[in-house]
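Written out below as structure tokens is the structure these notes cover.
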Protein chains: 2
Amino acid sequence: MADISPKHDVFQAIADPTRRELLSLLSDQEMSVTIISEHFPISRTAVSKHLHVLADAGLVSERKVGRETRYKLQPEPLMELKQWLSYYERFWDNKLAKLKKFVEAD
Amino acid sequence: MADISPKHDVFQAIADPTRRELLSLLSDQEMSVTIISEHFPISRTAVSKHLHVLADAGLVSERKVGRETRYKLQPEPLMELKQWLSYYERFWDNKLAKLKKFVEAD
DNA sequence: ACATTACGAAACCAAATGGTTTCACATCAA
DNA sequence: TTGATGTGAAACCATTTGGTTTCGTAATGT
């Protein structure tokens with residue numbers, strides 16, 4: 001049986017600050033591994049690993065061009081995060097509403 | 001020098017599925033550690049550790065009541081997440097817009 | 001044809017993470 | 001006072017994580 005998805009989930013993927021920087025960098029443009037890694041103080045191999053984690057989570061796409069591998073942002077999986085967040089928004093909205101009420105009752 | 005800043009950031013705190021379940025559980029009501037841990041297959045001590053991580057990130061508050069320690073959701077730090085997300089929303093909005101354009105050009 | 005470039009896989013390592021069990025200590029109930 | 005309950009700290013353990021260096025290979029440049 002093919003193992004469909006021990007994939008990394010989006011929550012775990014964005015937990016690392018370097019990976020968040022990668023997403024930010026790749027939101028502008030598609031870039032090759034070497035060029036990407038020039039923006040970071042760690043080795044190209046380490047960057048490559050981070051990119052694979054992001055790819056596993058579906059947050060970036062890989063494309064081979066000659067000897068390069070180019071990556072670009074794939075924002076769709078972030079919708080899961082947005083949906084997760086939306087559940088909690090009402091709690092802080094609620095707090096804000098209570099605060100407003102309190103202030104206005106003055 | 002007192003270290004004001006939280007030890008764990010919100011991204012790292014929500015990366016763990018157990019901790020996300022904890023947040024969900026505590027959004028309903030304030031609960032003691034023992035009661036909370038009855039909802040999980042792991043030890044009370046392990047749950048307690050997760051709660052401390054969440055507290056470090058500011059996502060739950062602790063309150064001592066007699067010999068109990070009660071926790072409840074503190075959703076405010078999730079705003080940082082929302083803000084981070086908002087930057088990426090335009091990218092998928094953009095994609096949707098392009099798709100719409102393409103479909104309508106038919 | 002040969003050297004250079006771009007990259008991933010592999011082996012390895014230290015530190016962090018998520019879990020356990022045990023123990024000490026308050027607090028509450030009898 | 002004595003016993004049960006609620007909890008955190010500590011010591012410990014296995015696995016995961018984030019990093020490294022080394023090496024092989026494919027594509028490109030000269």
Side-chain angles (χ1 to χ4, degrees), chain A residues 3 5-26 29-74 77, chain B residues 3 5-26 29-74 77:
Chain A
D3 193 350
S5 59
K7 286 192 164 191
H8 290 94
D9 69 53
V10 66
F11 291 93
Q12 190 259 339
I14 65 164
D16 184 89
T18 300
R19 285 196 290 268
R20 291 200 297 279
E21 274 191 65
L22 280 168
L23 290 182
S24 164
L25 186 65
L26 294 174
Q29 49 190 317
E30 190 184 56
M31 292 172 75
S32 73
V33 176
T34 299
I35 301 299
I36 294 169
S37 62
E38 282 166 7
H39 293 73
F40 295 85
I42 60 180
S43 72
R44 176 185 51 76
T45 311
V47 169
S48 181
K49 283 191 194 174
H50 280 305
L51 288 168
H52 281 297
V53 172
L54 291 172
D56 272 355
L59 285 165
V60 297
S61 60
E62 256 181 80
R63 185 169 68 105
K64 293 285 275 181
V65 177
R67 60 187 161 184
E68 297 185 350
T69 308
R70 300 196 188 150
Y71 286 87
K72 73 164 188 265
L73 178 69
Q74 213 69 37
Chain B
D3 191 353
S5 62
K7 206 164 66 177
H8 294 94
D9 68 56
V10 65
F11 291 93
Q12 190 258 341
I14 65 165
D16 184 89
T18 300
R19 285 196 290 268
R20 291 199 298 278
E21 275 190 64
L22 279 167
L23 290 181
S24 164
L25 187 64
L26 295 174
Q29 49 191 317
E30 191 184 55
M31 292 173 76
S32 73
V33 176
T34 299
I35 302 299
I36 294 169
S37 62
E38 281 165 8
H39 293 73
F40 294 85
I42 59 179
S43 71
R44 176 186 50 77
T45 311
V47 169
S48 181
K49 282 192 194 175
H50 280 304
L51 287 168
H52 281 298
V53 173
L54 291 172
D56 272 355
L59 284 166
V60 297
S61 60
E62 257 181 81
R63 185 169 68 106
K64 292 286 275 182
V65 177
R67 59 188 159 183
E68 296 185 351
T69 308
R70 299 196 189 149
Y71 287 87
K72 74 164 188 265
L73 178 69
Q74 214 69 38

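Worth saying up front: this structure is predicted, and the values here are computed from it rather than measured. Every chain is numbered from 1 and lettered A, B, ... according to where its sequence line falls, protein lines coming before strand lines.
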Spell out, as yes or no, whether a donor-acceptor pair under 3.5 Å connects the side chain of B:Arg20 to the backbone of B:Ile14.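 Confirmed, B:Arg20 side chain pairs with B:Ile14 backbone.
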Is a side-chain N or O of B:Arg19 found less than 3.5 angstrom from the main chain of B:Ala13, in a donor-acceptor match?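 Pair found, side chain donor or acceptor close to backbone of B:Ala13.
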Integer-rounded Å distance: [N] [atom2] and [X] [atom1]:
X: B:Asp9; N: C:dT17; atom1: CG; atom2: P; result: 10 Å
X: B:Asp56; N: C:dA16; atom1: CG; atom2: C1'; result: 14 Å
X: A:Arg63; N: C:dC7; atom1: CZ; atom2: C1'; result: 16 Å
X: B:Arg19; N: C:dG19; atom1: CZ; atom2: C1'; result: 12 Å
X: B:Leu51; N: C:dG18; atom1: CG; atom2: P; result: 13 Å
X: A:Glu21; N: D:dG18; atom1: CD; atom2: C1'; result: 15 Å

Closest heavy-atom pair and its distance - B:Ala15, A:Gln12: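 What the structure gives for the nearest pair is CB-CA, 4.2 Å.
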Minimum heavy-atom distance between B:Tyr71 and B:Leu26, given as atom pair plus value: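 Residues B:Tyr71 and B:Leu26, closest heavy atoms: O-CD2, 3.5 Å.
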Working for side-chain contact (heavy atoms from CB on, under 4.5 Å), residues A:Ile42 and A:His50: CA-CA 11 Å; A:Ile42 60 180; A:His50 280 305; 4.1 Å; yes
Provide a list of protein-nucleic acid N or O atom pairs under 3.5 angstrom, restricted to nucleotides 8-11 of chain D.
residue : atom : partner : partner atom : Å
D:dG8   : OP2  : B:Ser48 : OG           : 2.8
D:dG8   : N7   : B:Arg44 : NH1          : 3.2
D:dG8   : O6   : B:Arg44 : NH2          : 3.3

A:Leu25 vs A:Glu21, test: side-chain contact (heavy atoms from CB on, under 4.5 Å). Steps then yes/no. CA-CA 6 Å; A:Leu25 186 65; A:Glu21 274 191 65; over 6 Å; no
Are OP1 or OP2 of [N] and a side-chain N or O of [X] less than 4.0 angstrom apart?
X: A:Gln12; N: D:dT16; answer: no
X: A:His50; N: D:dT17; answer: no
X: B:Thr18; N: C:dG18; answer: no

Return the nearest nucleotide to the side chain of B:Glu68; candidates are D:dG6, D:dT20, C:dG18.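 Looking only at heavy atoms from C-beta outward on B:Glu68, the closest nucleotide is D:dG6.
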How does protein reach along nucleotides 25-30 of chain D, written 5' to 3' as B (base within reach of a heavy atom under 4.0 Å), S (only sugar-phosphate), or - (no contact)? --BB--
